[in-house]
Amino acid sequence: MSTALIIAGGAGKRSGQEVPKQFLTVNEKPIIIYTLEAFQHHPDVSNIVVVVIDGWQTVVETYARQFGISKLSGVVVGGSDRFNSMYNGIKYLQTCCPPDEVILCHDANRPFVSKKIIDDAVEVCCRCGNALPAMKTFNSIYVSKDGKVVDDAADREILYRGQAPEAMRLGDLIELSARADAAGKGNTIAGMLNAFGEKVYLSPGSERNFKITTPDDIDMFKAMIALPETTKVVAKQQYC
């Protein structure tokens, strides 16, 4: 079994909204609930813990009761940044989960996470020790120091876009996050591992599993929930 750690500590300034983006309502349902439902309906996820902006704890609990998120087992106050919010959640998990529990650290504003993405992350984590859902980058990527002219072009053949849920067993995650806290390095599981020179293992992501950050993302989310998910055969990529 796995536990989902949902990070909902962001204020949502880049979305241009007064309400944090994860609490915006679309079709009479908050975005965070779309995300929580993905883990609520997953048969191998036993618990959900949400890390939230201080003052929004009751809102999360009320929404959970309203929309039937019965797996919600804790609401934790976030920290000053993403790392500290995640770390607050990890420290809470120490009180209620065994060390070998697979923790799925996910963004509250990634509502289209699928059962397959979760399954693949858990499978790679159990086999390799951690997992980062990711997608190859197909667009050309350029480097610009001043935001006006191009200084360099990146090789897109070796570039991947990290997604979520990142997966790691709780015991390993506690040790890793304590090291990162002491060193001031990393704000994601992959970021912490990479900062210490440890391997980060990729699992398959999806174009649908995007993070709602800007007003354009909100518009895309509204459009996509009105459309059925397309099922297609894709080439198998070798992961861990």
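Worth knowing before you read on, the calculation uses all heavy atoms, side chains too, and leaves out hydrogens, waters and symmetry mates.
- Between the Asp54 side chain and the Val77 main chain, no donor and acceptor come within less than 3.5 Å of each other.
- The heavy-atom pair separating Tyr92 from Ser73 by the smallest distance is OH-O, 3.1 Å.
- Between Val122 and Ser2, the shortest heavy-atom contact is CG2-OG, 3.8 Å.
- Within a 6.0 Å radius of CZ in Phe196, more than 12 heavy atoms belonging to other residues, nucleotides or ligands are found.
- Using a 4.5 Å heavy-atom cutoff, the side chains of Arg169 and Cys126 are in contact.
- Here Leu176 contributes atom CG and Tyr87 contributes atom OH; the two are 10.0 Å apart, rounded to the nearest 0.5 Å.
- Remark: Arg179 engages Glu198 in a salt bridge, criterion side-chain N to carboxylate O under 4.0 Å.
- Remark: Glu61 CD to Gln66 CD distance equals 14.0 Å, nearest 0.5 Å.
- With values rounded to the nearest 0.5 angstrom, Cys97 atom SG is found 9.0 Å from Ile174 atom CD1.
- No cation-pi contact links Lys199 to Tyr201, judged by a cut-off of 6.0 Å to the six-membered ring centre and 45° from its axis.
- A donor atom on one side chain and an acceptor atom on the other are found under 3.5 Å apart for Ser70 and Gln40.
- Hydrophobic clustering, with ILVMFWY side chains joined whenever heavy atoms are under 4.5 angstrom apart, groups Val26 together with Met224.
- The pair Asp107-Lys21 does not count as a salt bridge, with every side-chain nitrogen at least 4.0 angstrom from each carboxylate oxygen.
- Side-chain contact annotation: Thr214 with Asp217, donor-acceptor N/O pair under 3.5 Å present.
- Expressed to the nearest 0.5 Å, how far CG of Asn47 lies from CE of Met1 amounts to 8.0 Å.
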- Message: Assess the residue pair Cys105 and Ile7 against the criterion (side chain to side chain contact (heavy atoms under 4.5 Å, CB included)); give the C-alpha distance rounded to whole Å, side-chain angles, the decisive distance to 0.1 Å, and a yes or no.
- Response: CA-CA 7 Å; Cys105 189; Ile7 308 301; 3.9 Å; yes
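- Remark: the backbone N or O of Glu157 is paired with a side-chain donor or acceptor of Lys136 at under 3.5 angstrom.
- Between Phe23 and Val52, some side-chain heavy-atom pair lies under the 4.5 Å cut-off.
- A salt bridge is absent between Lys116 and Glu123: the closest approach of a Lys/Arg side-chain nitrogen to an acidic carboxylate oxygen does not fall below 4.0 angstrom.
- Under the 4.5 Å side-chain criterion, counting only non-hydrogen atoms from C-beta, Ile118 is not in contact with Lys115.
- Just one residue in the list Thr3, Leu36, Val49, Val45 forms a side chain to side chain contact (heavy atoms under 4.5 Å, CB included) with Lys71, and that residue is Val45.
- Heavy-atom minimum distance, Val50 versus Ala8: CG1-CB, 4.1 Å.
- Proximity of a side-chain donor or acceptor of Arg156 to a complementary backbone N or O of Phe138 within less than 3.5 Å is detected.
- A single hydrophobic cluster is seen to contain both Ile6 and Val19, as judged by linkage of ILVMFWY side chains at heavy-atom distances under 4.5 Å, directly or through other members.
- Going from atom CG of Leu5 over to atom CG of Leu173 covers 8.0 Å, rounded to the nearest 0.5 Å.
- Following chains of ILVMFWY side-chain contacts shorter than 4.5 Å, one can reach Ile32 starting from Ile225, so the two form part of one hydrophobic cluster.
- Ser203 contributes no side-chain N or O that, together with a main-chain N or O of Val124, makes up a donor-acceptor pair within less than 3.5 Å.
- With a 6.0 Å cutoff to the six-membered ring centre and a 45° limit on the axis angle, Arg110 does not count as a cation-pi contact of Phe210.
- With a 4.5 Å cut-off on side-chain heavy atoms, Tyr160 and Thr137 do not count as touching.
- The nearest pair of heavy atoms linking Ser144 to Gly147 is OG-N, 2.9 Å.
- In this structure, Leu104 and Ala121 approach most closely via the heavy-atom pair CD2-CB, 4.5 Å.
- In Gln94, the CD atom is crowded: over 12 heavy atoms of neighbouring residues, nucleotides or ligands sit closer than 6.0 Å.
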- Message: side chain to side chain contact (heavy atoms under 4.5 Å, CB included), that's the test. Do Leu24 and Gln22 meet it? Break it down for me.
- Response: CA-CA 6 Å; Leu24 293 175; Gln22 57 269 29; over 6 Å; no
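- For the residue pair Gln163 / Asn209, a side-chain donor-acceptor distance below 3.5 Å is found, with atom types taken as modelled.
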- Message: side chain to side chain contact (heavy atoms under 4.5 Å, CB included), that's the test. Do Tyr63 and Ile69 meet it? Break it down for me.
- Response: CA-CA 8 Å; Tyr63 281 153; Ile69 309 299; over 6 Å; no
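- Residues Met168 and Met192 have side chains not in contact (no heavy-atom distance under 4.5 Å, counting atoms from C-beta outward).
- A side-chain donor-acceptor contact under 3.5 Å links Ser206 to the backbone of Arg208.
- At least one side-chain heavy atom of Leu193 sits less than 4.5 Å from a side-chain heavy atom of Asn130.
- Proximity of a side-chain donor or acceptor of Thr188 to a complementary backbone N or O of Gly191 within less than 3.5 Å is detected.
- For the pair Gln57 (side chain) and Val76 (backbone), a donor-acceptor distance under 3.5 Å is absent.
- When side chains are defined from C-beta on, Glu166 does not count as touching Cys125, because their heavy atoms never get closer than 4.5 Å.
- Residue Gly186 comes nearest to Phe83 through the heavy atom pair O-CD1, 3.4 Å, listed as atom of the first residue, atom of the second, then distance.
- Between atom CD1 of residue Ile48 and atom CG of residue Leu72 there is a gap of 6.5 Å, rounded to the nearest 0.5 Å.
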- Message: For a side chain to side chain contact (heavy atoms under 4.5 Å, CB included) check, start with the C-alpha distance between Asn27 and Tyr34, then their side-chain angles and the critical distance, and finish with the verdict.
- Response: CA-CA 11 Å; Asn27 288 0; Tyr34 288 93; 3.7 Å; yes
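- The cluster map of Ile, Leu, Val, Met, Phe, Trp and Tyr, joined by side-chain heavy atoms under 4.5 Å apart, puts Val113 and Met220 in the same cluster.
- Thr35 places a side-chain N or O within 3.5 Å of a backbone atom of Ala108 that can act as its donor or acceptor partner.
- Between the Asn109 side chain and the Ile212 main chain, a donor and an acceptor come within less than 3.5 Å of each other.
- With hydrogens and angles ignored, the 3.5 Å screen pairs a side-chain donor or acceptor of Arg82 with a backbone N or O of Asn187.
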